[in-house]
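Encoded as structure tokens, the structure appears first; notes follow it.
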Amino acid sequence: MQMSEQRFSELNLSKEQTEKVQQGSPLLWPNPSYRSDAALSPEVALIHQADARLRRFSSVLTALFPELRGTDGIIESCLVEVCSLFQALNHAGGRLFIKGDHQLPVAGSIKARGGIHEVLHFAESLALSEGIIECTDSDYAAFLSEPAKTLFAQYTVAVGSTGNLGLSIGIIGAALGFNAVVHMSSDAKNWKKDRLRKRGVQVVEHSADYGAAVEAGRVQSDADPYSYFVDDERSPHLFMGYAVAALRLKAQLEESNIQVDRDHPLFVYLPAGVGGAPGGITFGLKSIFGEHVHCFFAEPVQAPCMLLGLAGAPHSEPTPVYEFGLAVDTDADGLAVGTASQWVCDVTRHLVSGVYTQSDDTLYRDLERLKRLENIEVEPSAAISCSGVEMLNTNSGQTYLKRHGLLDKMESSTHIAWLTGGSFVPAEEYEKYLKLACI
Ligand SMILES: *Cc1c(COP(=O)(O)O)cnc(C)c1O
């Protein structure tokens, strides 16, 4: 399926950028719609509501997941400086940190905050309407009671996923007593399916891509009034759950005495699939740091769906990567998405600084470096965030820095590679990844 010249010309891509996308060559695409002074919608208040909801449930989560005892039921990851990795990369100064979502408890990936928030939101609404709790100040121990379990057992929570969102929704859904159904795309790894089945989650395997798995799940779920569908392509509850990470990061930066202001810019590199997780985090970070934070999305050269989505006209359907002759052929299963979420593109169009793409070879190079230099184990999707600092050295990266008056601020800059998943990867799978890095 090739695209007509006319549709190409509707995208905000130069001829050279178009060719690079078609050829599957890495590039940094600075987003022409980026506005450093973009106003945020009043919906920012929803981030705080999501944060408050996660806190209301902290005792319930601790009871369900003993691994959360140490953090009083808050699911959060560490912020760690990675000096050796930074030295190995070709960069322009400053400091590099990783945000360790690969170790997020319960779900093992960035999907923990968003996915768990959405299921808790559904459980809370149901509990309020069915009288399990009277109000949000009630004792949330009621969520662990028999009447709550009987109520939730009548309902199904369903989702379509390339793997990690399914893990997150399946694990929390089943733990609360819902029937959980996960529609997995062809990219999903077998170990992720096995892990879910062991927890009593129903896994429906699809031979088609992520978009098709979501669509099939949506249709099946919509036909059942007792089924709730977590719609990864259009979900404010997921998005706001992801955005909560920004509030937490702010506190971590303060604890580490890291300033973010005009003279201390912050660069954040976020692996992107359908766009919800990186979009939500960008939305949250922009609400806190405004023009001083620069958020770049990272995608495999074979699946640059957010790049094409953001390059499209506002409120237009995102262009599928297939129209560029690409095949979503990547080992980064968390990013193996052919068409971006239109909703996320519209919410973040002016907030995202740019998108870079990377070949799987580079993901494996960085996966191996993280292990050798920092003893950090991640899945391929997460490793794509490490090369963000290098992409700033490309011509388009330098043009971005110049345009925003950042060239002389790099020494005092802070960079965060968001490591989005990995701790659940079985040891033998991880060994295979390491071997691929050495070929
Ligand atoms: C899902 C996922 C992402 C991207 O999130 P989207 O909401 O799909 O953009 C990045 N990394 C990993 C490991 C993921 O599982």
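Ligands are counted one by one from 1 in listed order, and the atoms in each one are counted from 1 as well. All values reported here derive from a predicted model rather than from experimental measurement.
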Within 4.0 Å of some non-hydrogen atom of P278, the atoms of ligand 1 are 5 (O), 6 (P), 7 (O), 9 (O)

Counting from 1 in the order shown, the ligand 1 atoms closer than 4.0 Å to a non-hydrogen atom of P271 are 4 (C), 10 (C)

Hey, is ligand 1 close enough to [X] that some N/O pair sits below 3.5 Å?
{"X": "V274", "value": "yes"}
{"X": "G273", "value": "yes"}
{"X": "G276", "value": "yes"}
{"X": "T420", "value": "yes"}

Review point. Please walk me through it: do Y228 and E118 pass side chain to side chain donor-acceptor pair (under 3.5 Å)?
Key: CA-CA 10 Å; Y228 178 87; E118 175 142 12; 2.6 Å; yes

One should read off an interatomic distance between C78 SG and I98 CD1, to the nearest 0.5 angstrom, of 5.0 Å

In this structure, CG of L27 is separated from CD of Q17 (nearest 0.5 Å) by 6.0 Å

For the residue pair [X] and [Y], establish whether any side-chain heavy-atom pair is separated by less than 4.5 Å.
{"X": "E43", "Y": "M240", "answer": "yes"}
{"X": "L167", "Y": "K111", "answer": "no"}
{"X": "R248", "Y": "R113", "answer": "yes"}

Is it the side chain, the backbone, both or neither of [X] that has a heavy atom closer than 4.0 Å to ligand 1?
{"X": "N164", "result": "side chain"}
{"X": "A277", "result": "both"}
{"X": "K111", "result": "side chain"}

Give a yes/no on ligand 1: does A272 have at least one heavy atom closer than 4.0 angstrom to it?
yes

- May I ask whether L335 has any heavy atom positioned less than 4.0 angstrom from an atom of ligand 1? yes

task = Take the angle between the ring planes of Y433 and Y430 and call it parallel below 30°, perpendicular above 60°, tilted in between.
result = perpendicular

So the ring-ring contact (aromatic ring centres under 6.0 Å, His included) pairs with at least one residue in residues 174-209 (sequence neighbours excluded) are F122-F178, F152-F178, H183-H206

